[in-house]
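The structure appears right after this line, and notes come after that.
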Amino acid sequence: LGGLGVAKGAGALSRKMAREAAEEAAERARAELHRDNLKDIGEWGRDKGLPQESFVYKNLPDSLTRENLQFEEFKTLTRTHMDDMTEEQVRQMKRIRDDVPPITRDTVVTKVMPYEYLEGYLKEENPYNTIGGFVTRKDDYGHLMGQNLENTYKHLALDYSGSPYTEALENGQDRYLVFEGRLTKPKQSEIPYGERFGGIHDDALPCTLNGFIACRSNEIIPEFYVKSQPKSPQYPEHGSTIWVVEDGVKHKAAVFDDNEMKFVPYEDANK
């Protein structure tokens with residue numbers, strides 16, 4: 001009986017040692033993955049001018065380590081429509097996308113718009129004075145502001161059906177607008193998830209419905225959807241700017257004035 005007890009004790013010790021060895025091996029593997037991802041992200045981001053507050057720099061390395069994903073695998077998944085993902089990939093990508101900081105009153109957002117919208121924002125009667133639809137955080141997109149339309153078209157996957165940007169490129173027009181500013185009702189923003197991610201969005205391709213833009217370039221851009229409704233309009237904060245980008249050169253065109261509750265020409269705002 002004594003021998004049997006010793007044998008049981010030895011077996012339990014052996015199992016404990018094996019468990020500890022497995023945990024140590026797993027921890028080493030996580031640390032190696034984290035180092036590899038940091039290296040890959042650093043090489044990817046070199047020369048991009050991406051701010052340290054961007055999601056990719058600030059949050060993504062830890063997210064990838066937790067989900068046991070390599071950077072290149074993740075980058076591919078950002079461009080993958082939700083219906084083309086496995087159940088495990090959906091769970092992984094949702095957890096990662098939920099790691100992106102939400103839009104708050106302090107968040108500067110950006111929104112690319114057709115050049116033709118400028119007339120609507122500056123007209124005398126009933127001008128456009130709200131911001132809605134798909135936006136990005138400046139922390140994630142600001143390094144790309146001011147690039148020509150061809151590059152912007154690829155970065156933001158603007159090749160959707162009926163896209164005015166496609167028409168502009170076909171007509172040789174290299175110009176568009178960029179809104180840059182804060183929102184007065186940031187809680188009216190959400191991640192544009194499709195049904196498999198627990199959301200209600202059903203936008204057509206190239207929308208991924210996974211919360212990331214299907215970039216046709218070597219970028220990673222989380223996107224948000226901002227609601228603006230007649231009973232709850234999404235006004236920008238005072239001083240928010242509309243830029244004109246033409247031939248890869250940007251200049252301020254209009255500034256939001258919360259006294260007049262509209263955008264005014266930049267020249268008038270500085271008189």
Side-chain angles (χ1 to χ4, degrees), residues 26 29-45 48 50-104 107 109-112 133-144 154-160 186-227:
R30 283 193 293 270
E32 183 177 355
L33 175 64
H34 191 74
R35 287 194 299 271
D36 289 346
N37 281 330
L38 283 175
K39 177 176 177 291
D40 290 344
I41 290 172
E43 292 177 352
W44 169 85
K48 283 186 181 294
L50 199 65
Q52 290 301 313
E53 290 301 306
S54 68
F55 162 71
V56 173
Y57 280 165
K58 187 173 182 180
N59 308 97
L60 185 58
D62 289 342
S63 300
L64 293 180
T65 301
R66 182 192 66 219
E67 301 301 331
N68 195 32
L69 276 177
Q70 294 181 337
F71 176 63
E72 287 299 324
E73 182 182 3
F74 162 75
K75 190 166 69 173
T76 298
L77 287 173
T78 63
R79 292 136 167 80
T80 303
H81 190 274
M82 68 171 187
D83 289 340
D84 296 322
M85 293 185 183
T86 66
E87 289 299 327
E88 177 59 21
Q89 288 171 337
V90 168
R91 289 191 290 269
Q92 288 175 312
M93 289 299 288
K94 186 176 188 305
R95 287 191 292 263
I96 292 174
R97 180 59 184 82
D98 287 345
D99 289 338
V100 178
I103 293 176
T104 69
T107 306
V109 303
T110 57
K111 178 179 176 63
V112 166
F134 292 96
V135 304
T136 55
R137 300 189 314 148
K138 185 181 179 182
D139 284 340
D140 300 315
Y141 177 75
H143 64 296
L144 303 173
K154 296 174 183 177
H155 297 326
L156 299 178
L158 297 175
D159 54 333
Y160 52 86
K187 291 185 178 180
Q188 289 181 196
S189 63
E190 62 189 24
I191 303 172
Y193 282 147
E195 184 177 359
R196 290 190 70 198
F197 277 71
I200 60 172
H201 286 258
D202 58 359
D203 303 271
L205 292 171
C207 188
T208 62
L209 302 179
N210 68 28
F212 290 94
I213 295 174
C215 303
R216 279 70 161 104
S217 63
N218 190 30
E219 298 294 332
I220 296 172
I221 307 176
E223 62 181 345
F224 292 84
Y225 188 85
V226 171
K227 298 177 182 178

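Hydrogens, waters and symmetry mates are skipped; everything else that's a heavy atom, side chains included, is used. Computed from a predicted model, the values in this text were never measured in an experiment. Just so you know, residue 1 is the first one in the sequence shown, and it goes up from there.
Once rounded to the nearest 0.5 Å, the distance linking CD of E219 with NZ of K154 reads 12.0 Å. One finds the CG atom of D84 at 9.5 Å from the CD atom of Q89 (value rounded to the nearest 0.5 Å). Distance check: L33 CG to L69 CG gives 8.0 Å after rounding to the nearest 0.5 Å. Rounded to the nearest 0.5 angstrom, H81 NE2 and L209 CG are separated by 4.0 Å. Atom CD1 in I41 sits 10.0 Å away from atom CD in E72 (nearest 0.5 Å).
Partners of K58 by side chain to side chain donor-acceptor pair (under 3.5 Å), not counting sequence neighbours, listed by chain and number: E53. Residues passing the side chain to side chain donor-acceptor pair (under 3.5 Å) test with K227, sequence neighbours excluded: E190. Taking the ring-ring contact (aromatic ring centres under 6.0 Å, His included) definition, one finds that Y225 meets it with F134, H201, sequence neighbours left out. When the ring-ring contact (aromatic ring centres under 6.0 Å, His included) test is applied to F55, no partner is found at least two apart in sequence or on another chain. Under the salt bridge (Lys or Arg N to Asp or Glu O under 4.0 Å) criterion, D98 pairs with K94, sequence neighbours left out. Every residue two or more places apart in sequence or in another chain that forms a side chain to side chain donor-acceptor pair (under 3.5 Å) with E87 is listed here: R196. Qualifying ring-ring contact (aromatic ring centres under 6.0 Å, His included) partners for F212, counting only residues two or more places apart in sequence or in other chains: F74. By the side-chain contact (heavy atoms from CB on, under 4.5 Å) test, K111 is found to be paired with M113, I131, V135, F179, residues two or more places apart in sequence or in another chain being considered. Under the side-chain contact (heavy atoms from CB on, under 4.5 Å) criterion, P206 pairs with A157, D159, Y160, R216, sequence neighbours left out. Legend: residues meeting salt bridge (Lys or Arg N to Asp or Glu O under 4.0 Å) with D62, ordered by chain and number and at least two apart, are absent. D83 is linked by a salt bridge (Lys or Arg N to Asp or Glu O under 4.0 Å) to nothing, counting only residues two or more places apart in sequence or in another chain. Applying the side chain to side chain donor-acceptor pair (under 3.5 Å) criterion to T104, with sequence neighbours excluded, gives T107.
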Side chain to side chain contact (heavy atoms under 4.5 Å, CB included) assessment of L50 paired with W44: CA-CA 10 Å; L50 199 65; W44 169 85; 3.7 Å; yes
Pair L64-H34, side chain to side chain contact (heavy atoms under 4.5 Å, CB included): steps then yes or no: CA-CA 8 Å; L64 293 180; H34 191 74; over 6 Å; no
Criterion side chain to side chain contact (heavy atoms under 4.5 Å, CB included) on R79 and T208, from CA distance to verdict: CA-CA 7 Å; R79 292 136 167 80; T208 62; 5.6 Å; no
From CA spacing to verdict: side chain to side chain contact (heavy atoms under 4.5 Å, CB included), I221, L144: CA-CA 11 Å; I221 307 176; L144 303 173; 3.9 Å; yes
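Within 6.0 Å of the NZ atom in K48, the count of heavy atoms belonging to other residues, nucleotides or ligands exceeds 12. The number of heavy atoms from other shown groups lying within 6.0 Å of CD (E73) is above 12.
Here the closest non-hydrogen pair linking P51 and D139 is CG-O, 3.2 Å.
Proximity of R95 to S63: side-chain heavy atoms (C-beta onward) are nowhere separated by under 4.5 Å. Side-chain contact between R137 and P222 is absent, with no heavy atoms from C-beta onward closer than 4.5 Å. The shortest side-chain heavy-atom distance between M82 and Y193 does not fall under the 4.5 Å cut-off. Between K75 and N218, the closest side-chain pair of non-hydrogen atoms falls below 4.5 Å. Taking the side chain as every heavy atom from C-beta outward, V109 and F224 never approach each other to under 4.5 Å. Side-chain contact check for R66 versus I96: some heavy-atom pair is nearer than 4.5 Å. Counting only heavy atoms from C-beta outward, the side chains of T136 and I213 approach each other to under 4.5 Å. Looking at V100 and N59, their side chains never come closer than 4.5 Å, going by heavy atoms from C-beta outward.
Remark: the backbone N or O of T65 is not paired with any side-chain donor or acceptor of N37 at under 3.5 angstrom. Looking only at distances, no side-chain donor or acceptor of D36 sits under 3.5 Å from a matching main-chain atom of Q70.
With a 6.0 Å cutoff to the six-membered ring centre and a 45° limit on the axis angle, R35 does not count as a cation-pi contact of F71.
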